[in-house]
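All remarks here apply to the structure that follows.
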Amino acid sequence: MDGNYGNPYTPANPQPYAQSELDYCMQRCGCYNYNRQPAGANVTMSGRVYGVDGRPASYYPMSYSVNGNYTNGPTDASGRYAITGSRGSTISATPLPEYGLMAVPATYSYANMQTNQPNRDFRLRPTIPGYGQSAP
């Protein structure tokens, strides 16, 4: 008899599991998170910045941080931003107070980020009374 003592479920002949059982096992051992991303995979925070008029704020200046490493960069032409780090990172995104505007909320920050965080949108508001309003 071989060293497996007749066990039909050897690594060469693994036991078939239903996909839901595999998902459950992988989630319990930490191999996969709930978005079915492999351990060590990257996670992304993303969203849009909207101006006072409600339209996307093209090329608006942003500050980003991954585990305390800061960088600056603008939103794209559609007001979108995205910042990516490895699973478990601390990630933040902050629109910079420019042009007499501030963002609401002021920042998004996630410690030990395990899943993607989409749709983290910001709204710009005037910090100067009357800014962005039409004259009477």
Side-chain angles (χ1 to χ4, degrees):
M1 187 178 279
D2 64 15
N4 293 323
Y5 305 103
N7 181 355
Y9 302 113
T10 64
N13 187 11
Q15 181 176 358
Y17 286 103
Q19 187 62 46
S20 61
E21 292 174 300
L22 281 176
D23 289 344
Y24 176 78
C25 289
M26 287 186 226
Q27 289 169 3
R28 288 201 32 113
C29 78
C31 300
Y32 279 72
N33 65 26
Y34 293 104
N35 285 343
R36 300 178 57 104
Q37 296 169 324
N42 290 335
V43 289
T44 300
M45 180 186 349
S46 60
R48 273 188 161 173
V49 177
Y50 292 95
V52 175
D53 58 4
R55 294 185 305 195
S58 302
Y59 308 109
Y60 194 83
M62 299 281 293
S63 176
Y64 306 103
S65 172
V66 177
N67 295 327
N69 296 312
Y70 289 87
T71 187
N72 290 338
T75 61
D76 68 9
S78 298
R80 290 186 176 90
Y81 74 91
I83 180 73
T84 300
S86 59
R87 189 172 148 219
S89 294
T90 296
I91 298 176
S92 66
T94 306
L96 297 173
E98 300 266 336
Y99 317 114
L101 302 172
M102 61 174 279
V104 177
T107 192
Y108 280 109
S109 184
Y110 293 91
N112 191 25
M113 198 163 123
Q114 297 295 315
T115 60
N116 292 330
Q117 298 295 323
N119 304 315
R120 300 302 175 229
D121 297 341
F122 295 96
R123 306 276 186 239
L124 298 175
R125 300 289 180 246
T127 57
I128 302 168
Y131 180 84
Q133 297 177 359
S134 300

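This one's a predicted model, so the numbers in the text were calculated from it and none came from an experiment. Position 1 is the first residue of the sequence; numbering continues from there. When reading the values below, keep in mind they use all heavy atoms of this one structure, side chains included, and skip hydrogens, waters and symmetry mates.
Interatomic distance, CG of Asn42 versus CE of Met113, reported as 9.5 Å (0.5 Å rounding). For the atom pair OG1 (Thr84) and CG (Asn116), the distance works out to 8.0 Å, reported to the nearest 0.5 Å. To the nearest 0.5 angstrom, Asn72 atom CG is 10.0 Å from Met62 atom CE. The CD1 atom of Ile91 sits 10.5 Å away from atom CG of Asn112, with the distance rounded to the nearest 0.5 Å.
Shortest non-hydrogen contact noted between Ser92 and Thr107 is CB-OG1, 4.4 Å. When every heavy atom of Gly88 is checked against every heavy atom of Gln114, the shortest pair comes out as CA-NE2, 3.6 Å. Here the closest heavy-atom approach between residue Tyr50 and residue Pro56 is recorded as CD2-N, 3.9 Å. Residue Pro95 comes nearest to Ala103 through the heavy atom pair CG-CB, 3.5 Å, listed as atom of the first residue, atom of the second, then distance.
Under the side chain to side chain donor-acceptor pair (under 3.5 Å) criterion, Arg48 pairs with no residue, sequence neighbours left out. Among residues two or more places apart in sequence or in another chain, the side chain to side chain donor-acceptor pair (under 3.5 Å) test is passed with Ser109 by none. Here Pro97 pairs with nothing under the side-chain contact (heavy atoms from CB on, under 4.5 Å) rule; sequence neighbours left out.
You'll find the side chain of Leu124 reaches within 4.5 Å of the side chain of Tyr60, heavy atoms only. With contacts defined as side-chain heavy-atom distances shorter than 4.5 Å, the pair Val43/Ser89 does not qualify.
The backbone N or O of Ala57 lies less than 3.5 Å from a partner atom in the side chain of Thr75, making a donor-acceptor pair. Checked by atom type and distance alone, the side chain of Asn67 pairs as donor or acceptor with a backbone atom of Thr90 at under 3.5 Å.
A single hydrophobic cluster is not seen to contain both Tyr64 and Met102; linkage of ILVMFWY side chains at heavy-atom distances under 4.5 Å, directly or through other members, places them apart.
Listed by first and then second residue, the salt bridge (Lys or Arg N to Asp or Glu O under 4.0 Å) pairs involving residues 54-79 are Asp53-Arg55 (not counting sequence neighbours). Counting only residues at least two apart or in different chains, ring pair (Phe, Tyr, Trp, His ring centres under 6.0 Å) contacts with residues 102-122 comprise Tyr81-Phe122, Tyr108-Phe122. Pairs of residues two or more places apart, or lying in two chains, never qualify as salt bridge (Lys or Arg N to Asp or Glu O under 4.0 Å) while including a residue from residues 109-127.
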